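Shown next, in structure tokens, is the structure this report addresses.
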Amino acid sequence: MSEVSVSTNISGIELKSCLYNASGPLCTTVEHLNDLGLSHSAAILSKSSTLKEHKGNPSPRYFENELGSINSMGLPNKGYLYYDSLASSLLKYEKPYFVSVSGFSLEENLCIIKKLNENKEVTAIELNLSCPNVPGKPQTGYDFQQVKLVLEEVFKINKKTLGVKLPPYFDLIHFYSMADILNEYPLSFVTCINSIGNGLVIDVETESVVIKPKNGFGGIGGDYIKPTALANVRKFRELLKKEISVIGCGGIKTGMDAFEHILCGADAVQIGTQFMREGINCFERIESELKELMQSKGYKTLNEFKGNIKLIH
Ligand code: RRO
């Protein structure tokens, strides 16, 4: 199997494998980020950061069952300066370090992005346009005019590798409209998808919601969302200019799930719910499952099948 490679690159950033963590689970503290450094995750991606440290929503705020997860964490994070100042201590892992940014306003985002631009040890920025869990705040990704305004302002000050994390879209007109906007800017990557916002999971025995914030409403991840994630990866790969890499996220718990995302056009994939469930070993396991599947199909590199999903004529 040694001749099978799952290496990839995101707009020139080399990754030893196509698998790394999604922003969210187990990437908030220095201990989490060191664990990712030591693991088979191909990159280290931080929890979405705000200007100041933020405690997030009241618990219980995360729940999982065999089909996936629901969360309403509400952006608990240490504040961007923490993730900024940690960068030098993560260099020893010799893998890219991405900082996720999700300020509470455009001004906050611009302030954070400006500061991160000064830090050469931060490889890239993932600007989160899709947090579904801040009470009273809509998801930016569903407000197309606002996305345009944000990107217009961000690219006046940004010189770093920068991509955006999008919410899932469900109607073709929304894919076309969003892709038209994204194609106007020097984005390096687009991550599809964040959790499906404002779902509701119920415990029948107690006849109750399972998380406390927003009366039980939260972002859905895991198996529940894989078909939606695949459709978003596929459609954005079709519509975005080739300079923009597509990162798949949603429902990846096996090598076969990763293969499906890549077949739809993903250049790399992120693991969220399954990382939370299984811990740090998930990266090595999924990587070896993916390599085994590629071997059985006679593929030696991701490029031999990336985006090559067949249609029924
Ligand atoms: O912290 C959260 O509640 C959260 C965020 Br920022 C996000 O982007 N997606 C999600 O499911 N939860």
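These numbers come from a predicted model, not from an experiment. Numbering of ligands and ligand atoms starts at 1, following listing order.
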Please tell me whether [X] and [Y] have a donor and an acceptor in their side chains that are separated by less than 3.5 angstrom.
X: Asp143; Y: Thr140; answer: no
X: Ser23; Y: Glu126; answer: no
X: Glu304; Y: Thr301; answer: yes

Just jot down the ligand 1 atoms closer than 4.0 angstrom to any heavy atom of Leu75, in number order. 1 (O), 2 (C), 3 (O), 6 (Br)
For ligand 1, which atoms, with element, lie under 4.0 Å from some heavy atom of Asn133? 2 (C), 3 (O), 4 (C), 10 (C), 11 (O), 12 (N)
Within the structure, is a non-hydrogen atom of [X] found at a distance of less than 4.0 Å from ligand 1?
X: Gly24; value: no
X: Gly219; value: no
X: Ser102; value: no

Quick check: does [X] get an N/O under 3.5 Å from an N/O on ligand 1?
X: Pro132; result: no
X: Ser72; result: no
X: Met73; result: yes
X: Asn128; result: yes

Record the part of [X] in heavy-atom contact with ligand 1 below 4.0 Å; permitted values are side chain, backbone, both and neither.
X: Lys47; value: side chain
X: Asn194; value: side chain
X: Ser23; value: neither
X: Asn71; value: side chain

Pairing of Glu152 and Lys148 as salt bridge, 4.0 angstrom limit: no
Salt bridge present between Lys115 and Asp84 (N-O < 4.0 angstrom): no
Suppose we call two aromatic rings close when their centres sit under 6.0 Å apart. Are [X] and [Y] close by that rule?
X: Phe283; Y: Phe275; answer: yes
X: Phe236; Y: Phe175; answer: yes
X: His174; Y: Tyr142; answer: no

Before giving the answer on side chain to side chain donor-acceptor pair (under 3.5 Å), spell out for Ser39 and Ser41 the whole-Å C-alpha distance, their side-chain angles and the decisive distance to 0.1 Å. CA-CA 5 Å; Ser39 78; Ser41 177; 4.6 Å; no
Nearest candidate to atom 5 (C) of ligand 1, where distance is taken over non-hydrogen atoms, out of Pro25, Ser49, Cys131: Cys131
